[in-house]
Structures are given as C-alpha cells and as structure tokens.
Amino acid sequence: MIKVQNLKYKYYRSRSLVLQDVSFNVAKSEVVALIGKNGSGKSTIGRLVSGIITPQKNQVFIDEIDVGIKKNYKDIFAKVGIVFQNPETQIIFNNVHDELKFALGKRANVEGIVNEVLEQVGMVNCGDNLWDFSLGQKQRIVLAEILARKPEYLVLDEPTTMIDPAGKHEIWKIIRNLKLQGIGILLITNSNEEASIADRIIMLRDGNIE
C-alpha cells in the first residue's frame, strides 16, 4: 500500500508550504485520482511518492518502506514507476526495442519481457521507429518501459494531457487492465472524464485535501 500521512512539503527557499497536511492511501488493485487546480500540489505529491523528491521521514511509505530514508531509494524505484504528461521527456532512444532493452539492463529473457510489455500496452507489431509514433503511442511505450520493471504501483502524472481523444481512451483501457492485474495507481489529472475511471477521487486545494 502507498501510505501518505500528515505530509507537509516546502520547496527550497520558498516561504510557504506546497503541501499542508495531506493523508491518504492507495491499495494494490486500486485507482485513486488526485485532482485540483494547477499549483494545488498534485504533481509534488506524485514526485514525493515515487521518490524523485525525498519527503521527510515517516510521511510517505511504500509497503512500509519509508520513502524519506535515502538508502531506501532502490527499493522504492523497484516498486513505484512514474509516467509524466510528455512522453518525449522519458524516451532516450529512437528505437522501441533499444528503449525497452535499456530499461531492462542485463535481466534474463529480455526479448520475452519486451514482447510481454508491448502486448500489455497494445503496441505489438506497431513498428520500431519512435519518430513515426504519435504522442499517444509514445506514451504507451513509456508505460511499457515502466512495466518492464514489474512495479507494484504506478504514479501517472496527467498521462493523457497531450494526447488526442483516441489515444486517451487507449491509455484509460490500459489503466483499467493494470488495476485488474493488481497494480495500485495514483492518477494525477485535471480531467473529470479521466478521473471517472478511478475507484476514489481526492481533491486538493492549496496543498490541502478538500
């Protein structure tokens, strides 16, 4: 379970708290949508949960592992994957298989895992040149890259903001399937339609849960 308790956060040199006192949980096989206006603290929570930003101790836990303890970073990285709104910021190579193999490193049965995750995101036999892909297809490749690590939780930070309607529905279908596979998902979004696929919705306003 993702457990956020009494989370407060202030950026360096900032005078005010971005997050005031936020508490919530995300269980496995659950989709929780985090909504709110820009600047409400949604993306900051996503970065704190995934360990990109280190929270204070005893405020964010992934399966009882304290994200605020820096030596736990590798464990958090193995358990939590994060996807941002612009897939091009997370893609390194121009070739699909190079991208996925890089994510897998020296793991055994790389080719088998690549085919498995491409099937999960509906991108088998869609070509190998990422230059030819739409943003929606690139986002699905980023998801495949994260899924190749076998995470137990996903943080999706406005994953369909830059994508056309058909691409949005493909991503939503993937989210529903991942939930059925037991993955816990924190879905950060500004879209009411997107939030409707969640089991629960949490609204933030000025760093507080409203």
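Throughout, residue positions are numbered sequentially from 1 according to the sequence presented. All figures in this text were calculated on a predicted structure; none of them were measured in a lab.
- Annotation: side chain to side chain contact (heavy atoms under 4.5 Å, CB included) contacts of Ile92 (sequence neighbours excluded): Glu99, Phe102.
- Ile76 and Ile185 end up in different hydrophobic clusters when Ile, Leu, Val, Met, Phe, Trp and Tyr side chains are linked at under 4.5 Å.
- By the salt bridge (Lys or Arg N to Asp or Glu O under 4.0 Å) test, Lys42 pairs with no residue at all, sequence neighbours left out.
- In this structure Asn38 satisfies the side chain to side chain donor-acceptor pair (under 3.5 Å) test together with Asn190, sequence neighbours excluded.
- Val155 and Ile175 fall into different hydrophobic clusters, defined by Ile, Leu, Val, Met, Phe, Trp and Tyr side-chain heavy atoms under 4.5 Å apart, directly or through other members.
- Partners of Glu119 according to the side chain to side chain donor-acceptor pair (under 3.5 Å) rule, which considers only residues two or more places apart in sequence or in another chain, do not exist here.
- Scanning all heavy atoms of the two residues, the minimum distance from Gln20 to Leu17 falls at NE2-O, 3.7 Å.
- Using a distance-only test at 3.5 Å, with no hydrogens or angles considered, a donor-acceptor pair links the side chain of Asn115 to the main chain of Glu111.
- For Val83, the side chain to side chain contact (heavy atoms under 4.5 Å, CB included) partners two or more places apart in sequence, or in a different chain, are Gln90, Gln139, Val142, Leu143, Ile146, Leu156.
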Please output the side-chain donor-acceptor pairs of residues 195-210 that fall under 3.5 Å, not counting sequence neighbours, one pair per line with the distance.
from   : atom 1 : to     : atom 2 : distance (Å)
Ser196 : OG     : Glu193 : O      : 2.5
Asp199 : OD1    : Lys179 : NZ     : 3.2
Asp199 : OD2    : Val31  : N      : 2.8
Asp199 : OD2    : Lys179 : NZ     : 3.1
Arg200 : NE     : Glu30  : OE2    : 2.8
Arg200 : NH2    : Asn25  : O      : 2.5
Arg200 : NH2    : Glu30  : OE1    : 3.4
Arg200 : NH2    : Glu30  : OE2    : 3.3
Arg205 : NE     : Glu210 : OE1    : 3.3
Arg205 : NE     : Glu210 : OE2    : 2.4
Arg205 : NH2    : Glu210 : OE1    : 3.4
Asn208 : ND2    : Asp206 : O      : 3.4

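- Residues Pro159 and Leu187 form a side-chain contact, since some pair of their non-hydrogen atoms from C-beta on lies under 4.5 Å apart.
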Checklist line | side-chain contact (heavy atoms from CB on, under 4.5 Å) between Leu118 and Ile141, worked out | finding: CA-CA 7 Å; Leu118 286 176; Ile141 293 300; 3.7 Å; yes
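- Not counting sequence neighbours, the partners of Lys173 by the salt bridge (Lys or Arg N to Asp or Glu O under 4.0 Å) test are Glu170.
- At most 12 heavy atoms of other shown residues, nucleotides or ligands fall within 6.0 angstrom of atom CG in Asn192.
- Of the possible donor and acceptor atoms, none in the side chain of Asn86 sits under 3.5 Å from a partner among the backbone N and O of Met162.
- Taken to the nearest 0.5 Å, the NZ atom of Lys3 stands 14.0 Å off from the CD1 atom of Ile65.
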Contacts table for residues 49-60: side-chain donor-acceptor under 3.5 angstrom, sequence neighbours left out:
from  : atom 1 : to    : atom 2 : distance (Å)
Ser50 : OG     : Gly46 : O      : 3.0
Ser50 : OG     : Arg47 : O      : 3.3
Gln59 : OE1    : Lys8  : N      : 3.3

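- Two residues are said to be in side-chain contact when any heavy atoms from C-beta on lie closer than 4.5 Å; Lys168 and Glu194 fail this criterion.
- Side-chain heavy atoms closer than 4.5 Å link hydrophobic residues (I, L, V, M, F, W, Y) into clusters, and following such links, possibly through other members, connects Leu7 to Val18.
- Side-chain contact check for Val117 versus Gln120: some heavy-atom pair is nearer than 4.5 Å.
- The stretch residues 38-86 participates, sequence neighbours left out, in no ring pair (Phe, Tyr, Trp, His ring centres under 6.0 Å) pair at all.
- The salt bridge (Lys or Arg N to Asp or Glu O under 4.0 Å) test applied to Glu152 returns Lys28, Lys79, not counting sequence neighbours.
- Here Tyr12 is tied to no hydrophobic group at all, with no ILVMFWY side chain closer than 4.5 Å.
- Under the 3.5 Å distance criterion, the side-chain polar atoms of Asp157 are left unmatched by any main-chain donor or acceptor of Ser43.
- Heavy atoms of other residues, nucleotides or ligands lying less than 6.0 angstrom from CG of Asn125 number 12 at most.
- For residues 115-173, the pairs satisfying ring pair (Phe, Tyr, Trp, His ring centres under 6.0 Å) are His169-Trp172, with sequence neighbours left out.
- Hydrophobic clustering of Ile, Leu, Val, Met, Phe, Trp and Tyr side chains at less than 4.5 Å, counting indirect connections, unites Tyr11 with Ile45.
- No path of Ile, Leu, Val, Met, Phe, Trp and Tyr side chains, each step under 4.5 Å between heavy atoms, connects Leu154 with Met1, placing them in separate hydrophobic clusters.
- In this structure, CG on Leu130 lies 11.0 Å from NE2 on His97, to the nearest 0.5 angstrom.
- Under the 3.5 Å distance criterion, the side-chain polar atoms of Asp164 are matched with a main-chain donor or acceptor of Gly167.
- Annotation: side chain of Pro151 is not in contact with side chain of Val80 (no heavy-atom distance under 4.5 Å).
- Distance CG/Leu34 to OG1/Thr189: 10.0 Å, rounded to 0.5 Å.
- Between Val96 and Gln137, every side-chain heavy-atom pair lies at or beyond the 4.5 Å cut-off.
- In this structure, the side chain of Thr160 does not engage the main chain of Ile163 through any donor-acceptor pair within 3.5 Å.
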Margin query: I'd like to know whether Leu147 forms a side-chain contact (heavy atoms from CB on, under 4.5 Å) with Leu178, so could you lay out the CA-CA distance, the side-chain angles of the two residues, the decisive distance to 0.1 Å, and finally the verdict.
Written below: CA-CA 10 Å; Leu147 292 173; Leu178 293 175; 3.8 Å; yes
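- Between Lys37 atom NZ and Ser40 atom OG the span is 9.5 Å, to the nearest 0.5 Å.
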